[in-house]
Each structure stands twice: as C-alpha cells, then as structure tokens.
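Comments concern the structure below.
Just so we're on the same page: letters track the sequence lines, and every chain starts at 1. Since we're looking at a predicted model, the values are computed, not measured.
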Amino acid sequence: MSKEKPSIPKGTRDFGPAVVVKRNYIFGIIRRTFEKFGYLPLETPAMEQLSVLTGKYGEEGDQLIFKILNSGDFLAKTTPEDISKGHKHLTRKVSEKALRYDLTVPFARFVVMNRNEITFPFKRYQIQPVWRADRPQKGRYREFYQCDADVVGTSSLLCEAEIVQMINEVLSTLGLTDFTIKINHRGVLAGIAEAIGEKGRESDICVAIDKLDKIGPEGVRKELLERGISEKAVDKLEPLYTLSGSNEELLEQLQVILGETAEGQRGLKDLREVWAYLLGLNSQALSAQNASGIPRLLLDVTLARGLSYYTGCIFEVKVNNVSMGSISGGGRYDNLTGMFGLPGVSGVGFSFGVDRIYDVLDELQLFPDSSQAGTKVLIVQFDKESELYALPLLQQLRDAGIAAELYPEAAKLKKQLSYADQKNIPYALLIGSEEMASGRLKLRNMQRGEQQELAINDVIAHLTR
RNA sequence: GUGGUUGUAGCUCAGUCGGUUAGAGCACCAGAUUGUGAUUCUGGGGGUCGUGGGUUCGAGCCCCAUCUUCCACCCCA
C-alpha cells in the first residue's frame, strides 16, 4: 500500500456543502423559469456513442471530446499497422464511446430516436454536466454544467422572443441588473459577406470580427487580410463596426446596406419579427435601463457564434463590468436532426453556463442569505438522560417543518455551541437537568447571544414565525 | 494542441548569496471558565517545501522531467 496523495483530474472540482447549496439556488431559478415557459425536463446518458458526437462540432471540437477506452482487452482488434496509421485512426479502433460534449447533440439524437412518440413542437430543458478536453483557465473547466432549453418542430420566431424573455427573467431573478443580451442573425452575417463582395466567406469574416472588442479594428483588419479577404471588402466592412443608434435605427441602416441580398433580407425580417413579438409580450428586455447605458437587448452585427450549426438568430449574454466571458448563448439550427437522418426539423435553443453564473454572483455578492440556509436549530444535550428527553422534541420540531438536529453526543457545551456557530445555525436549544425538571427549554439566539426560557410549543411557534 | 506562469502548515503567504533546527497570521486542539459559541489571555499539535530524478561538501532556493494552478493563443459555457 503506497501512500498516495489523492487528487482530482485537471479542470474538475469538488463542491463543498456551502457551494452546492448556492449552486442549487441557481439551478432552482433556472428550472422554475424553464417550466413556467412550458419546457419539460430531459436527461440523457453521460456517455454517447462516439460516432454520435464526432463531426458535429468541427475539427477543433472533435479534438476536445473525451473518449472512453473500450473495456477489457481494448487492443484485441488492433494491429501494428493501426498504430502506425496515427492516433486518429487508432482512436476509432480502441474507443467507441465518449462523454457528451454538449446537450444539444444528444437532444437531437433523442428527438430522432423518439420521433414517433414526441408531440411537436417539442420543448425540453436539460440540466446536466458536459465534458471538454480543453485547457482550463478562468471560467473554463473540463467538467461543467449546462442548462439548455430547446424547442424543435417549429420555425416560429415566438420561440426566439421567449428565449430573450427567459434569459431576462432568470438573470433578473438572480439579482443581476446590468447585463446585455446580444442578438444577431446568420442571414445578416451572410448578407454582409455578400454586400461587401465576399459571398460565401462569412465564416472567415465572422471568426475575425467576433474578436473586435478584443483585438480592435486594426487587428481584425489584419486577420481578415490574412484569411484572404480582399482589401476592398474590408474597407466596405469596417463602417459596420461603428453603427450606432437604437436597435430600430440599426435595423434601418442595415436595411439600406443589406436590402439587396436575399440572406440579409431574411435575417432582417426575422429580427424585426422577434422585436414585434417582444413588443407584444411587453418585454422588460426592451425597456429595462442598464447601469452601463448599453441596451439590455442589443442587436450586434459583430456577434458570430456557433457557426457550425446555427442558421438563424444567434444569442449571447454578457454580464457587464465583470471579467467573465459569456454566461449564456444559443441560436436557431435548421438542420441539426438532419445529421441523424431526420431533415426538415427546425429548432432553436440556448444554454446557461451555471459555473460562470456562480462566479459572477459570487463576485458581485448577489447570493441571498436564504440561498445559504441550513439547520435552523441545534439541540444541545448534556448527558444520556437529556438525549433521551430531546429525541421526541427533535421529532416535533421536524414535524413542524423546522430544520433541526441534535448534537449526536454529550460533548462539552463549548464544542456543541461552536458547532452551531460554524454551521451558521441561528438557534441552539439547551436541554439540561434544570430544563427537564421545569419543561422550560433554553432557546439561545446565536447571533444576539440572548436566550429565553420557553416550553417546546412556544419554541416551535418562535421558530416558525 | 502552442507559448508562458504557479506550487512552502488545513488556508493566505514570508523564507536574503545555495549554508546549522523552514517562519508568520488565520484556522485547529487544550486550558483559564466542571451549564454557554463568535470577543480576551495562556499553552500545544501540525511540513518528505507538488512529485521524481540530477548538480553540489551542502538544495525550499540551481538544472531536467512530470503533475497541478493561472494567463495568452486556438476555441468556447
């Protein structure tokens, strides 16, 4: 038996009780909101067939998938030639399962497999961990939770509008006041590419302009030229970075620039419709005033995400004035299930990154006391006799819905009260010989250090107030 | 995957030029106080200096490898 220092894999974390309680507070708000909008829960296995996942996230994504080694003699079906053909070839021979990389692809797989049982439009939410073999850094982990809500089987832009509503509701309920929901459309991006004379090159253009706030216009220019976009096109593109005005004014300006392109038309029409729905819903995202002065819902033509499968609206959410990447993102995909042989099912969805939301709430100190609640009262015992006396009282407290515990041994008073102190238990109930004789128990308020003598019924009344 | 960075007590960190027995604060334990926590005083326990090699008379300090942390790319929640 070698003495080995225990450790956990890179990019994974343990969550202590205090952290889990706070995480559950976030999960609860997200879950309640999803259900309020008519989404129902779904769970899928942690592992999928490797073939279900590969090819869905682009070449880079494939590399970030955690593969699972086949059980038993995983080398049985391999030959020396397989090894010489390199790791990509070998992987297929020794691994046929992998940990899920996101929740959207497993969802698409589920929809295809259950297409005959499902009633469309199908709205589901899913809160489960995903794994990525990425290199960890701030806000990036190898195991993290996603909270997805997707609806498939309708192309109505009401869904997009409701996504905005859900994002706004969840973040507001969590106490966040200064955040920006960025929205854009793949059609707008394609239209831009076409309008500047680089039709079909939007993925190169998007990867570059997405970095605008990070590397600035000159950096983007350099990158665009490196990617083979003509100088003339870049000249025509640059005025778009500084479009200003209200969202309605932005739409007007884009109409002039993109009006001639079919894709641009499609994008602008969709975006206008989303706005119309939000207006009808009386959306707070349209009216709320952010402290930073940025509109809460912002049409941002430089937003370019999830290019490998989004085809319509795309979303991203950023909390202002904190050093954290996006905490939520999503978009419409017209053909996700097509990869599994079911074409023509349009879907739209988005995801909250709970781990990042946690870090933001922590940084801004927005966790309420109620999210840290645990035991309300600790019964302090003195000896075997008082322990026996306490047992029915303990049960009475619990029956009354009060989170109560009895210190499990007759330790020193100091020890038992320290325990209450450290667990942040607001009350201690002392039961010694005097109390047993009189039936009047000492209820100590741990914050104030005051205590009063009460019969058990009065204790319960006091604690349930 | 590329480049850099970090690791010393449970936690946060000192540790001089490579030199004797590696320190502090907080936390923990015990006592002051045999029925009162958080405040006060006194005392105490705790370290293979991330791990494995190497250089040296001698390594927490220098070199190599490896793991981990954080950061910038790539990408992304």
Using OP1 and OP2 only, check whether a side-chain N or O of K211(A) sits under 4.0 Å from C75(B).
yes

Roughly how many Å is it from CG in L103(A) to P in C76(B), rounded to a whole number?
16 Å

Which nucleotide sits closest to the side chain of Q451(A): C75(B), G35(B), U36(B)?
U36(B)

In whole angstrom, give the distance that lies between atom CD1 of I163(A) and atom P of A77(B).
14 Å

Residue pair G449(A)/I8(A) against RNA chain B: nearer the 5' end by closest nucleotide is G449(A)

Quick check: any donor-acceptor pair below 3.5 Å linking the side-chain of Q137(A) to the base of U69(B)?
no

First locate atom CD1 of I357(A), then atom CD1 of I327(A), and finally report the distance between them rounded to the nearest 0.5 Å.
4.5 Å

Would you kindly give the CG-to-C1' distance between D148(A) and C76(B), to the nearest whole Å?
14 Å

What interatomic distance, in whole Å, is found between P of A9(B) and the corresponding atom of C75(B)?
39 Å

Gap between atom CD of E263(A) and atom CD1 of I192(A) - 0.5 Å precision
12.0 Å

Quote, to the nearest angstrom, the C1' distance that separates G46(B) from G25(B).
15 Å

Write down the distance separating the P atoms in C62(B) and C49(B), rounded off to the nearest Å.
15 Å

Quick check for you: among A30(B), C70(B), C76(B), whose closest atom lies nearest to any side-chain atom of R132(A)?
C76(B)

Taking atom types as they are modelled, would you say the side chain of E435(A) forms a donor-acceptor pair with the base of G35(B) within the 3.5 Å cutoff?
yes

Whole angstrom value for the distance that separates P of C28(B) from CG of D421(A):
10 Å

Between the side chains of R23(A) and D355(A), is the shortest nitrogen-to-carboxylate-oxygen separation below 4.0 Å, so that they form an ion pair?
yes

Regarding the side chain of K10(A), the nearest nucleotide among G37(B), U69(B), A77(B) is U69(B)

Y141(A) side chain: which of C28(B), G35(B), A77(B) is closest?
A77(B)

Do you see a donor-acceptor pair shorter than 3.5 Å between the side chains of Y310(A) and N184(A)?
no

For the pair made of CZ in R227(A) and C1' in C74(B), what is the distance, rounded to whole Å?
10 Å

Heavy atoms under 4.0 Å, any strand shown: does L413(A) hit a base, just sugar-phosphate, or nothing?
base

Are E162(A) and Y39(A) close enough that a side-chain donor and a side-chain acceptor fall under 3.5 Å?
no

Measure CG/D134(A) against P/U68(B) and give the value in whole Å, please.
14 Å

Rounded distance in Å between the P positions of A27(B) and C17(B):
33 Å

Who passes salt bridge (Lys or Arg N to Asp or Glu O under 4.0 Å) against D148(A), sequence neighbours left out?
none

Which nucleotide wins on minimum distance to the side chain of R444(A), given the candidates C76(B), G35(B), A38(B)?
A38(B)

With the side chain defined as heavy atoms from C-beta on, L417(A) is closest, among U36(B), G35(B), C75(B), to U36(B)

May I ask you to verify whether the side chain of R135(A) and the base of C74(B) hold a donor-acceptor pair under 3.5 Å?
no

Does G37(B) have OP1 or OP2 sitting under 4.0 Å from an N or O in the side chain of K423(A)?
no

Can T180(A) and N320(A) be counted as having a side-chain donor-acceptor contact under 3.5 angstrom?
yes

G4(B) and U8(B): how far apart are their C1' atoms, nearest whole angstrom?
23 Å

Work out how far the C1' atom of U55(B) is from that of C61(B), and round it to whole angstrom.
14 Å

Is the closest side-chain donor-acceptor distance between E35(A) and Y125(A) under 3.5 Å?
yes

Work out how far the C1' atom of A77(B) is from that of U2(B), and round it to whole angstrom.
23 Å

What integer distance in Å separates F66(A):CZ from G1(B):C1'?
14 Å

At under 4.0 Å between heavy atoms, what does G11(A) touch on the DNA or RNA strands: base, sugar-phosphate, or nothing?
sugar-phosphate

Walking RNA chain B from its 5' end, the first of G432(A) and K415(A) to be reached, judged by nearest nucleotide, is K415(A)

When you get a sec, tell me which of G31(B), C75(B), A77(B) is the closest nucleotide to the side chain of Q146(A)?
A77(B)

S418(A) side chain, from C-beta outward: closest of G37(B), G35(B), C74(B):
G37(B)

Distance check, C1' atoms only: U42(B) and G10(B), in whole angstrom units.
23 Å

Phosphate-side-chain proximity, Q422(A) and C28(B), N/O vs OP1/OP2 below 4.0 Å
yes

Can F382(A) be classed as stacking with the base of G35(B), given a centroid separation cut-off of 5.5 Å and a plane angle cut-off of 30°?
no

side-chain N/O K414(A) vs U36(B) OP1/OP2, d < 4.0 Å
no

Would you mind reading off the distance between Y57(A) atom OH and A77(B) atom P, rounded to a whole angstrom?
11 Å

For F350(A) and F34(A), take the angle between the two ring planes, folded into 0 to 90°, and tell me which bin it lands in: parallel under 30, tilted 30 to 60, perpendicular over 60.
perpendicular

If the threshold is 4.0 Å, N to carboxylate O, is there a salt bridge linking R332(A) and D270(A)?
no

Stems formed with participation of RNA chain B [Watson-Crick or G-U wobble, under 3.5 Å, three or more pairs]
B:1-4 with B:70-73, B:10-13 with B:23-26, B:28-32 with B:40-44, B:50-54 with B:62-66

